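Okay, structure first, notes after.
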Number of protein chains: 2
Amino acid sequence: MRDTHTVDVGLTAVIMAVSGGVAKVLAVREGAGEHALPSGLFDPAQDRTLNLSLRRWIMELTALEVGYVEQLYTFGNQYRDARELDVGARFLSIGYLGLAREQRIGTGVPAEWHDIYDYLPWEDWRGGRPAVLDAHIMPALAAWAEDALDGAGRALRRGRIAMTFGTADAIDHEKALQRFELMYEAGLLPEAHRDYALVREKSSSVFSFNKNKIEDIYKVSLEVGGLPMKMDHRRILASALERVRGKIKYRPLVFELLPAAFTLLQLQKVVEALSGVALHKQNFRRLIQAERLVEETGEMETTARGRPAALFRFRPQVLSERPAPGVGVPKISTI
Amino acid sequence: MRDTHTVDVGLTAVIMAVSGGVAKVLAVREGAGEHALPSGLFDPAQDRTLNLSLRRWIMELTALEVGYVEQLYTFGNQYRDARELDVGARFLSIGYLGLAREQRIGTGVPAEWHDIYDYLPWEDWRGGRPAVLDAHIMPALAAWAEDALDGAGRALRRGRIAMTFGTADAIDHEKALQRFELMYEAGLLPEAHRDYALVREKSSSVFSFNKNKIEDIYKVSLEVGGLPMKMDHRRILASALERVRGKIKYRPLVFELLPAAFTLLQLQKVVEALSGVALHKQNFRRLIQAERLVEETGEMETTARGRPAALFRFRPQVLSERPAPGVGVPKISTI
DNA sequence: TAATATATGCTCATATAGAGCATAAATAGC
DNA sequence: GCTATTTATGCTCTATATGAGCATATATTA
């Protein structure tokens with residue numbers, strides 16, 4: 001009936017926009033109350049490239065114009081979907097990141113913008129260290145580390161926790177995917193329990209939490225508070241966030257999310273929303289202007305409170321002047 | 001006979017090693033004198049994950065032990081292979097990077113280590129600016145830019161050249177994939193002409209070189225001097241080089257390529273071989289030691305000339321101490 | 001008119017990166 | 001044994017980048 005080697009390929013898109021200082025992702029609601037990323041099958045007969053395929057069905061599904069598109073990662077986990085356990089079929093999913101300017105979604109389109117941090121609450125440090133970390137995540141991870149088989153295993157797990165969730169004085173905000181993967185493995189996300197239920201009998205090395213404490217761990221996964229997501233969509237979202245956080249430092253991605261003219265504070269708010277950290281305003285201005293990323297339009301903003309701000313536009317010449325123009329998020333921020 | 005959506009998935013591996021200050025890649029010789037990267041089909045029935053599939057057939061093919069493995073990118077170009085133009089079949093190829101310590105290859109194994117820069121001669125700046133750049137590449141790119149349709153197109157092309165191949169005083173050595181793609185598009189690589197010959201009639205927007213000058217451009221592609229490679233393997237190699245150059249800055253990848261004990265000069269030579277730039281010895285030592293990436297073993301090197309060097313080992317604790325431990329290649333080096 | 005909010009200019013301390021000088025400890029050639 | 005050569009290693013000096021905060025300007029709101 002089908003070749004043993006062939007697989008179906010789905011494209012799953014993380015379409016991001018920022019409006020009013022809130023980083024948003026396009027999500028569709030499906031059954032079971034789970035939020036899903038928009039996704040579609042890659043049809044080799046119809047589309048010349050993966051990129052074109054993605055743009056085609058995004059347009060068909062949402063009528064949204066997406067500017068920047070970038071491939072993230074190809075996921076091929078066996079336990080990705082329950083159906084795969086029964087049939088011999090196989091499904092690969094290629095994650096994509098897309099950046100769009102804020103656009104109203106047409107009526108009748110089954111998609112909505114959602115705050116990214118409703119899915120990844122522990123990733124938003126703009127208001128200081130997220131409370132859920134100390135209230136639920138770190139204690140559960142510490143317990144997970146202690147549950148390792150032997151001393152070496154405990155040291156290894158403690159090391160992984162320190163590397164992804166930070167040490168006493170520093171954290172790497174970029175490592176969103178590694179934090180997701182650690183939490184999934186430790187059972188701190190609802191989908192870990194959903195997936196584990198499917199493979200309970202089959203030995204799965206993916207889940208390393210203590211099976212005797214599974215009820216307690218499941219309760220923690222609910223306290224952590226991320227909205228429920230379909231299949232591995234939270235993983236794909238985390239990898240998109242990691243990519244965008246890394247890339248804004250050396251490519252001028254943020255301007256894909258801003259109108260043609262903007263104030264420096266608007267620019268800063270977009271960077272903060274994506275990177276999840278609050279920035280020092282004066283230093284941010286100094287950096288942006290030193291890098292010559294923007295130029296004044298000559299106009300001033302009129303609608304806001306306080307002293308009116310000068311409007312700027314992106315200076316595309318910077319692309320050919322300097323090898324790695326980005327917005328300079330501090331690599332390592334204090335806890 | 002087959003579902004319209006299904007595709008075959010191949011895994012293509014860039015296995016790197018460094019020996020004697022030379023960065024090498026595992027290559028197999030196939031017909032037509034073209035060098036090929038080792039590759040195999042992904043068999044969903046046999047392998048639980050993409051990663052395991054890759055490790056399985058690498059081991060079967062070469063009996064090599066590969067330590068670090070990382071997915072690069074999934075390529076789905078229509079013109080990847082001549083056969084795809086005739087049949088409706090479709091082939092996706094997922095590129096992987098693997099790092100191995102230098103190992104002798106078993107007799108009878110149809111694979112050899114080759115200097116990476118034999119395939120990408122313009123990427124090695126250790127001995128100063130590569131001669132082929134000014135002799136062949138930059139003049140041909142300049143001509144390509146002038147051949148654009150209008151002034152805006154010329155400005156755009158000049159901008160792309162500056163961004164990828166650098167400006168008067170700086171170049172980003174990391175952008176190996178973008179340099180490949182620009183050269184491919186401009187017809188400066190032999191495979192561009194091989195692929196273009198297949199799609200001549202079908203309008204292809206991938207090749208933007210002046211078709212009236214195709215013979216001259218083809219000659220340049222031979223002067224550029226990269227060894228011929230199968231299909232899109234040079235693209236995958238370029239993306240592996242880009243990944244490794246980027247990642248050594250913030251992850252301790254290099255130690256995957258070194259023996260357990262090494263001198264600081266050996267470490268430096270590995271970084272230089274991968275990044276393609278020469279480094280200031282004293283500053284490199286200062287950086288490595290300040291980052292506490294290594295610790296002395298207490299032993300000294302005995303075999304070399306000159307004053308004996310202290311032997312060091314990787315200090316894995318650094319992974320849990322600091323969020324982004326890497327070897328600090330200068331981001332931007334002067335031309 | 002005072003309080004508040006935002007914009008913008010400037011300084012200062014510290015950390016980091018780039019370049020080079022100086023010295024140490026081995027081998028190679030004679 | 002003496003000298004040249006080679007590599008290792010310690011140290012300094014300077015320029016630049018980063019992090020933090022002070023001070024002032026110009027608007028709106030109460």
Side-chain angles (χ1 to χ4, degrees), chain A residues 20-21 125 169-171 173 249-250 261-269 271-272 275 277-312 322-335, chain B residues 20-21 125 169-170 173 249-250 261-269 271-272 275 277-312 322 324-335:
Chain A
W125 289 63
D169 51 76
I171 180 176
H173 294 284
K249 291 174 188 161
Y250 58 96
F262 47 83
T263 68
L264 292 185
L265 185 59
Q266 282 179 284
L267 174 58
Q268 182 180 344
K269 290 293 175 198
V271 174
E272 290 181 333
S275 64
V277 289
L279 302 174
H280 184 284
K281 189 170 175 176
Q282 297 94 316
N283 290 350
F284 181 80
R285 296 172 60 89
R286 175 178 64 186
L287 194 68
I288 295 298
Q289 304 209 278
E291 302 222 329
R292 311 225 308 135
L293 274 169
V294 297
E295 63 192 359
E296 291 197 57
T297 63
E299 313 278 299
M300 302 292 274
E301 197 196 27
T302 51
T303 53
R305 316 220 322 207
R307 175 173 167 178
L311 286 171
F312 291 80
R322 292 190 308 106
V327 291
V329 179
K331 283 153 218 64
I332 296 159
S333 306
T334 349
I335 294 178
Chain B
W125 288 64
D169 51 75
H173 293 283
K249 290 175 190 161
Y250 59 94
F262 47 83
T263 69
L264 292 184
L265 185 58
Q266 282 179 283
L267 175 57
Q268 181 180 345
K269 290 294 174 199
V271 174
E272 289 180 336
S275 64
V277 291
L279 301 175
H280 184 284
K281 189 170 174 176
Q282 297 95 314
N283 290 349
F284 181 80
R285 296 173 61 89
R286 176 178 62 185
L287 194 67
I288 295 297
Q289 304 210 277
E291 303 222 328
R292 313 224 307 133
L293 273 169
V294 297
E295 61 192 359
E296 292 196 57
T297 65
E299 313 279 299
M300 302 291 277
E301 197 196 28
T302 51
T303 51
R305 315 219 322 208
R307 174 172 168 178
L311 286 172
F312 291 80
R322 294 191 308 103
V327 292
V329 180
K331 285 154 215 66
I332 296 159
S333 307
T334 349
I335 294 180

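Everything quoted here is computed from the prediction, not taken from an experiment.
Atom CD in B:Glu301 sits about 7 Å away from atom P in D:dA8, given to the nearest Å. Atom pair A:Leu311:CG and C:dA7:P shows a separation of 11 Å (rounding to whole Å applied). At whole-Å resolution of the value, CD in A:Glu296 and C1' in C:dA7 are 12 Å apart. We find that CG of B:Leu267 is positioned 16 Å from C1' of D:dT7, with the value rounded to whole Å. A:His280 has its NE2 atom 16 Å from the P atom of C:dC10, to the nearest Å. To the nearest angstrom, C1' of D:dA8 lies 10 Å from CZ of B:Phe312. As a whole-Å value, the separation of B:Leu287 CG from C:dG18 P is 9 Å. Between the CD1 atom of B:Ile288 and the P atom of D:dA8 there is a distance of 14 Å, given to the nearest Å.
For the pair B:Phe312 and B:Glu295, the minimum side-chain heavy-atom distance is 4.5 Å or more. Side-chain contact between B:Lys269 and B:Leu267 is absent, with no heavy atoms from C-beta onward closer than 4.5 Å.
Regarding contacts with the backbone of C:dA7, a side-chain N or O of A:Lys281 is found under 4.0 angstrom from either OP1 or OP2. For C:dT8, the OP1/OP2 oxygens have a side-chain nitrogen or oxygen of A:Arg285 closer than 4.0 Å.
A distance of 9.0 Å separates CD of A:Glu296 from CG of A:Leu311, quoted to the nearest 0.5 Å. Rounded to the nearest 0.5 angstrom, B:Lys281 NZ and B:Leu265 CG are separated by 5.0 Å.
Heavy-atom nearest nucleotides on DNA chain D were determined for B:Arg286 and for B:Leu265, and the one closer to the 5' end corresponds to B:Leu265.
Candidate nucleotides C:dA25, D:dA27, C:dG9 were compared by shortest atom distance to the side chain of B:Arg307, and C:dA25 ranks first.
Under 3.5 Å, the side chain of B:Arg305 and the base of C:dA26 form no donor-acceptor pair of N or O atoms.
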